[in-house]
Each structure stands twice: as C-alpha cells, then as structure tokens.
Amino acid sequence: VQLQASGGGLVQAGGSLRLSCAASGRTFSNYAMGWFRQAPGKGREFAATISRSGSTTEYADSVKGRFTISRDNAENTVYLQMNSLKPEDTAVYSCAATTRGWSKYQSAYGYWGQGTQVTVSS
C-alpha cells in the first residue's frame with residue numbers, strides 16, 4: 001500500500017489543522033493506521049492509531065483530548081484532526097499502515113508515507 005500525507009502547514013498556537021493520508025494500491029480496510037510525529041532533534045513518537053473498521057482509537061497522552069483520528073474506508077483516507085495546537089506539537093507528521101491490528105508501536109507498521117510538516121508558532 002502506498003501512503004500520501006498532506007495538510008500540514010504553519011498555524012498559531014490554539015489553532016487547528018487537519019491532516020489527511022490517502023492510501024492506494026491495496027484494500028485500505030485491511031489495514032490499521034497510525035500517525036506518528038518527529039520533532040526537530042528528537043526521535044519519532046506515536047500520536048494516534050485507529051483500527052481497520054474505525055471502531056477503536058488510541059492516543060498518546062500528549063495529544064489526548066486535542067487530536068482525533070478517523071478514517072473513511074470508502075475514500076481510502078485516514079485523518080488527524082488537530083485542535084488546540086501547541087508549539088510543542090511542531091513536528092513532521094507521518095502516517096503508517098499495518099496488517100497486524102492497531103498499535104502504538106512503530107515496529108508494528110510495515111508501510112510508511114512521507115511526512116508533512118506542522119509548525120505551531122507561539
């Protein structure tokens with residue numbers, strides 16, 4: 001499966017952005033999806049994950065209550081709605097797919113898209 005992330009940009013603290021990740025090449029509903037992020041000078045970290053059907057979601061504590069992951073299997077797309085953004089949310093955000101069921105661990109994901117930059121100014 002090929003993944004293409006989009007929707008990043010520059011936003012002020014307190015603002016919102018919605019990231020999209022479009023999948024192609026395989027049956028999208030066969031994959032659980034995740035969003036990960038990498039801030040400057042730091043390792044990549046988990047942000048959110050969603051099950052194949054969309055019935056189960058899981059979030060990192062740092063984004064819980066502010067970010068919402070969702071998916072549209074008919075459109076082969078997973079979304080990350082980000083509200084109340086903080087400067088510490090500044091990172092490159094990447095989407096990933098796994099056939100192993102939803103997971104917060106990078107090692108579970110076999111397919112990665114290119115990242116999209118999110119910059120939050122104070």
Side-chain angles (χ1 to χ4, degrees):
V1 63
Q2 290 80 47
L3 305 172
Q4 179 76 36
S6 61
L10 174 65
V11 63
Q12 288 188 330
S16 298
L17 280 175
R18 188 176 81 154
L19 306 183
S20 299
C21 175
S24 61
R26 296 293 177 100
T27 304
F28 181 61
S29 58
N30 286 345
Y31 297 86
M33 301 296 295
W35 284 98
F36 293 80
R37 64 185 187 180
Q38 186 166 18
K42 296 186 177 181
R44 187 163 57 189
E45 65 176 14
F46 165 73
T49 182
I50 189 167
S51 63
R52 295 180 184 90
S53 67
S55 60
T56 301
T57 58
E58 184 75 16
Y59 298 92
D61 288 343
S62 58
V63 308
K64 198 171 294 183
R66 301 186 298 120
F67 289 12
T68 302
I69 188 171
S70 62
R71 66 189 295 161
D72 185 338
N73 285 346
E75 295 294 329
N76 294 342
T77 304
V78 62
Y79 303 97
L80 187 66
Q81 177 67 44
M82 305 186 296
N83 299 329
S84 302
L85 282 161
K86 305 175 181 179
E88 51 263 44
D89 294 318
T90 295
V92 175
Y93 285 71
S94 299
C95 57
T98 177
T99 58
R100 297 170 59 181
W102 64 268
S103 175
K104 60 182 180 181
Y105 300 107
Q106 297 180 49
S107 58
Y109 292 83
Y111 305 92
W112 292 82
Q114 96 297 345
T116 185
Q117 176 71 48
V118 171
T119 303
V120 185
S121 63
S122 56

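Nothing fancy with the numbering, it's 1 onward along the sequence.
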Is it true that a side-chain atom of [X] and a backbone atom of [Y] form a donor plus acceptor pair closer than 3.5 Å?
| X | Y | answer |
| --- | --- | --- |
| Tyr109 | Ser103 | yes |
| Glu58 | Trp102 | no |
| Arg71 | Gly54 | no |
| Thr77 | Glu75 | yes |
| Thr49 | Met33 | yes |
| Arg52 | Thr99 | yes |
| Thr119 | Thr90 | no |

Inset, instruction - Measure the acute angle between the ring planes of Phe36 and Phe46, then classify it against the limits of 30° and 60° as parallel, tilted or perpendicular. - result: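 Perpendicular, since the angle between the ring planes exceeds 60°.
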
Single-linkage hydrophobic cluster, 4.5 Å side-chain cutoff, [X] and [Y] together:
| X | Y | value |
| --- | --- | --- |
| Leu3 | Ile69 | yes |
| Val78 | Val118 | yes |
| Val1 | Phe28 | yes |

Legend entry - Nearest-0.5 Å distance that lies between atom CD1 in Ile50 and atom OG1 in Thr56: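 Those atoms lie 8.5 Å apart.
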
Inset, instruction - Measure the OH-OG distance between Tyr31 and Ser51 for me, rounded to the nearest 0.5 Å. - result: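 Answer rounded to 0.5 Å: 16.0 Å.
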
Non-hydrogen atoms of [X] and [Y] that approach each other most closely:
| X | Y | result |
| --- | --- | --- |
| Ser122 | Pro87 | CB-CG, 3.8 Å |
| Thr57 | Tyr59 | OG1-CE1, 3.6 Å |
| Asn73 | Ser53 | ND2-CA, 4.4 Å |

Inset, instruction - Only one of Gln38, Arg37, Gln106 passes side-chain hydrogen bond (donor to acceptor under 3.5 Å, both in side chains) with Glu45; say which it is. - result: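 Output: one option passes, namely Arg37.
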
Legend entry - Side chains of Met82 and Trp35 in contact at under 4.5 Å (non-hydrogen atoms):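 Counting from C-beta outward, Met82 and Trp35 never come under 4.5 Å.
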
Legend entry - Lys64/Asp61 salt bridge by N-O under 4.0 Å criterion: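 The answer is yes: the pair qualifies as a salt bridge.
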
List the atom pairs, donor and acceptor, that lie under 3.5 Å between side-chain atoms in residues 4-21 and the rest of the protein, sequence neighbours left out.
residue	atom	partner	partner atom	Å
Ser16	OG	Asn83	OD1	2.9

Inset, instruction - Tell me yes or no: between the side chains of Thr98 and Tyr105, is some donor less than 3.5 Å from an acceptor? - result: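 No pair is found: no donor N or O on one side chain lies under 3.5 Å from an acceptor on the other.
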
Inset, instruction - Name all pairs fulfilling the salt bridge (charged side-chain N to carboxylate O under 4.0 Å, His left out) condition that reach into residues 103-118, sequence neighbours left out, sorted by first residue then second. - result: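 Matches after skipping sequence neighbours: none remain.
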
